[in-house]
Amino acid sequence: ATSGFGTILCMGLSEAKWALVKVLILGIAFCLVFSAEGPPESLLTTLYGDLGFTSLALLYFVFSASCVFAPLLLKKLGSKWCLLLGSIPYALYPGALIADSPAVVVLNSALIGNGAALIWGGQGAYITQICNSSNMGLFMGIFFFFLSSAGIIGNFITTVIRGQFNNDTAAFGTLLVVGGLGLAGFFCLPSNKSTPSPDVSKQAVSAAPAPTESGVAPVTAESQQEVIPLARFPSPAPTPAPSPVPTPNPSFWHRFKKTLLGRLVLPVLETAFGPLILLVPAIVTVGSTFSWWAGVLPPYAAKEIVSTLFTVRGFIAMVMSLAFGRISDYTGRMPIIVFMFVIGIVGSILGYYCTLVVENTALFYCAFVCYGLFDACAATQVFAVVGYIIPLEQSAVGFSANSMIRAFSGGLFFLVGPYLSPLAFLGLFIVLSIAALGCVFYLHYKVHPIDARAAKKAARKVAKAADPIGAAMDKVPFTQMADIPAAVTVTSAPIAPPAGVVAAQQSVRMPPV
């Protein structure tokens, strides 16, 4: 259901086309807002040094903590208004650098952390409400195509204005205007309003006559014929009241579950360490990469090529997000995820060599191309897997748990970034990648398929196990079917069929082929 501006847009469109329009509006709004926020964030460690690491760590820690409250706000306000509310600090981020005050930069980083919980939880819930298992990869690819283009647009504006006019204030002021356009895009985004299914039990209760103040239901015209006078029957003997059973003193954990904080925190934690537990290493790996690429490597590059490097990364991620998202709908997500970790390790090794060779421009570009490929895979595949294995009614909690894990790992790596050597970062990334790949393999093949294609294949395998005769006939090549005689009488002992299958006869006569 839509309202206002969205109702005008969706007139005459089918449900599938209207879902595509929603994804396009969402992607364009994200593109504009992150075009305004991306360049200032990538320049923090270059402009402010250790303060940049501190502000980014604060951003991600606040982001992680705010994910606890995001599901409640998503339920109360809806995805659209949470997206609009959470994007305001992003759009205002260039103004913090115009002020050129460390206190303002740190404060705005904390506000972005609060907004990030709403904007990413709302994004995941919004897309999963309008797509299905057959187009999940396509819609994620379209969305991250526009999101990745933000790296090109924002860094292009910053590079051109800073290069032509050598004026940071003009560049960041232009980004403020771009961020305002993004806020307008979120305001025009149609709302997703789900219609709750009728509750039969509530209907049955509401159909019954309400009791009076004395506690006895009134006798209506419809029910008067069924009433039997109680005077005809003797009163039953009173039953003795059962002796009270002493209830044990509730533990702190049970009391905490009933508090407001417990009702907010526990659903997110239960999802993070329940359905998503095997995805935690992969989410942590993805969260740690940004501290490596945006925090550790830029100071080793020449200042004038930092924006260009992120532009290259954004272009690669933009093009390949659309490709990887669509390909995974046909080939499954597992091949793309394997490629993601392999290219991530290769890019990290190249990045490590960038720290050894002073300002090797070609090596930096090769490393950031690998970063763009890794980011395209991670954005489309990890989000799609979370959206697939989490039930639709729990999508807000699921994506909030995903954001909480990713943000906490990113903040932790930004916090320890100034104290770790590039070689230590490289070793940690390789170990995390290997552990994450093993957990995803176990999840996919032993616990729960991570895409609809694998789920259908597993369902066919179960069906064949339940029907051994049909499974054996499926193995006969079609070209050999002509060799079967026109009429064959097969005599054998009765075959015990599985449940739900008609019993095979002792003598079967096959029709001519």
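Atom set for the values below is all heavy atoms of this structure, side chains included, hydrogens, waters and symmetry mates excluded. These numbers come from a predicted model, not from an experiment.
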Novice: How close do L350 and A367 get, heavy atom to heavy atom, and via which atoms?
Specialist: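 Closest pair (atom of L350, atom of A367, distance): CB-CB, 4.0 Å.
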Novice: Parallel, tilted or perpendicular: which fits the ring planes of F374 and F341, with parallel below 30° and perpendicular above 60°?
Specialist: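 Geometry flag for F341 against F374: perpendicular rings.
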Novice: Could you grab the distance from atom OG of S348 to atom OH of Y371, nearest 0.5 Å is fine?
Specialist: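 OH of Y371 is found 10.5 Å from OG of S348.
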Novice: Can you list the steps and then say if Y353 with L356 is a side-chain contact (heavy atoms from CB on, under 4.5 Å)?
Specialist: CA-CA 5 Å; Y353 278 105; L356 300 179; 4.1 Å; yes
Novice: Flag the pair F441 / K446 as yes when at least one side-chain heavy-atom distance between them is below 4.5 Å, and no otherwise.
Specialist: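 No; the side chains remain at least 4.5 Å from each other.
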Novice: W81 vs F187 aromatic rings, parallel, tilted or perpendicular, using cut-offs 30° and 60°?
Specialist: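 Ring orientation of W81 relative to F187: perpendicular.
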Novice: For the side chain of S148 and the backbone of F145, is there at least one donor-acceptor N/O pair under 3.5 Å apart?
Specialist: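 Judged by distance alone, no pair lies under 3.5 Å.
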Novice: Among F156, F368, Y365, which residue satisfies the ring pair (Phe, Tyr, Trp, His ring centres under 6.0 Å) criterion with F310?
Specialist: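 That would be F368; it is the only one of F156, F368, Y365 passing the ring pair (Phe, Tyr, Trp, His ring centres under 6.0 Å) with F310.
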Novice: Just verifying a value: how many Å separate L84 CG and I119 CD1, rounded to the nearest 0.5 Å?
Specialist: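 Between L84 CG and I119 CD1, I get 9.5 Å after rounding to 0.5 Å.
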Novice: Does the S55 side chain pair with the main chain of V106, one donor and one acceptor, at a distance under 3.5 Å?
Specialist: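 Side chain of S55 to backbone of V106: no pair is present.
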Novice: Relative to the ring of F143, is the ring of F30 parallel (under 30°), tilted (30 to 60°) or perpendicular (over 60°)?
Specialist: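 Plane angle over 60°, so perpendicular.
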Novice: Is a side-chain N or O of T355 found less than 3.5 angstrom from the main chain of Y352, in a donor-acceptor match?
Specialist: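 At least one qualifying donor-acceptor pair exists.
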Novice: Nearest 0.5 Å, what's the CD1-OG1 distance between I161 and T169?
Specialist: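 Taking CD1 in I161 and OG1 in T169, the distance rounds to 11.0 Å.
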Novice: Taking the six-membered ring where the residue is Trp, are the ring centres of Y90 and F34 under 6.0 Å apart?
Specialist: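 Here the rings of F34 and Y90 have centres that are less than 6.0 Å from each other.
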Novice: Hey, are the side chains of M404 and F63 touching, using non-hydrogen atoms and a 4.5 Å cut-off?
Specialist: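 Result no, sub-4.5 Å side-chain heavy-atom pair not found.
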Novice: Which atom pair, heavy atoms only, marks the closest approach of A436 to T285?
Specialist: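 Heavy atoms of A436 and T285 come nearest at CB-OG1, 3.9 Å.
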Novice: Is the shortest side-chain heavy-atom distance between F324 and C377 below 4.5 Å?
Specialist: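 With C-beta onward as the side chain, the pair touches.
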Novice: Looking at the rings of F429 and F425, which for Trp means the six-membered one, are their centres under 6.0 Å apart?
Specialist: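 That pair fails the under 6.0 Å test.
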Novice: Is a donor on one side and an acceptor on the other found under 3.5 Å between the side chain of S149 and the backbone of F146?
Specialist: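 A pair under 3.5 Å: yes.
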Novice: Using modelled atom types and a 3.5 Å cut-off, is there a donor and acceptor pairing between side-chain atoms of K80 and backbone atoms of P190?
Specialist: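 The answer is no, because no donor-acceptor pair under 3.5 Å joins these two groups.
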Novice: Looking at every heavy atom in both V178 and S35, which two are closest together, and how far apart are they?
Specialist: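 Shortest heavy-atom contact: CG1-CB, 4.0 Å.
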Novice: If you take all heavy atoms of I277 and P281, which pair is closest and at what distance?
Specialist: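 In this case the closest contact between I277 and P281 is O-CD, 3.9 Å.
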Novice: So, using side chain to side chain contact (heavy atoms under 4.5 Å, CB included) as the criterion, who are the partners of I430 when residues are at least two apart?
Specialist: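 I345, L426, I434.
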Novice: Which pair of heavy atoms, one from G372 and one from I316, lies closest together, and at what distance?
Specialist: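 The pair with the smallest heavy-atom distance is C-CG2, 3.8 Å.
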Novice: Output the distance between atom OG (S66) and atom CG (N114), rounded to the nearest 0.5 Å.
Specialist: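 Reported to 0.5 Å precision, the distance equals 3.5 Å.
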Novice: How close do F144 and T380 get, counting heavy atoms only, and between which atoms?
Specialist: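 Here F144 and T380 meet closest at CD1-N, 4.3 Å.
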Novice: Measure from the side-chain N and O atoms of S321 to the backbone N and O of M318, and report whether any donor-acceptor pair falls under 3.5 Å.
Specialist: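 Judged by distance alone, no pair lies under 3.5 Å.
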Novice: Among I337, V440, V386, find the one that has a side chain to side chain contact (heavy atoms under 4.5 Å, CB included) with Q381.
Specialist: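 So the option named by the test is I337.
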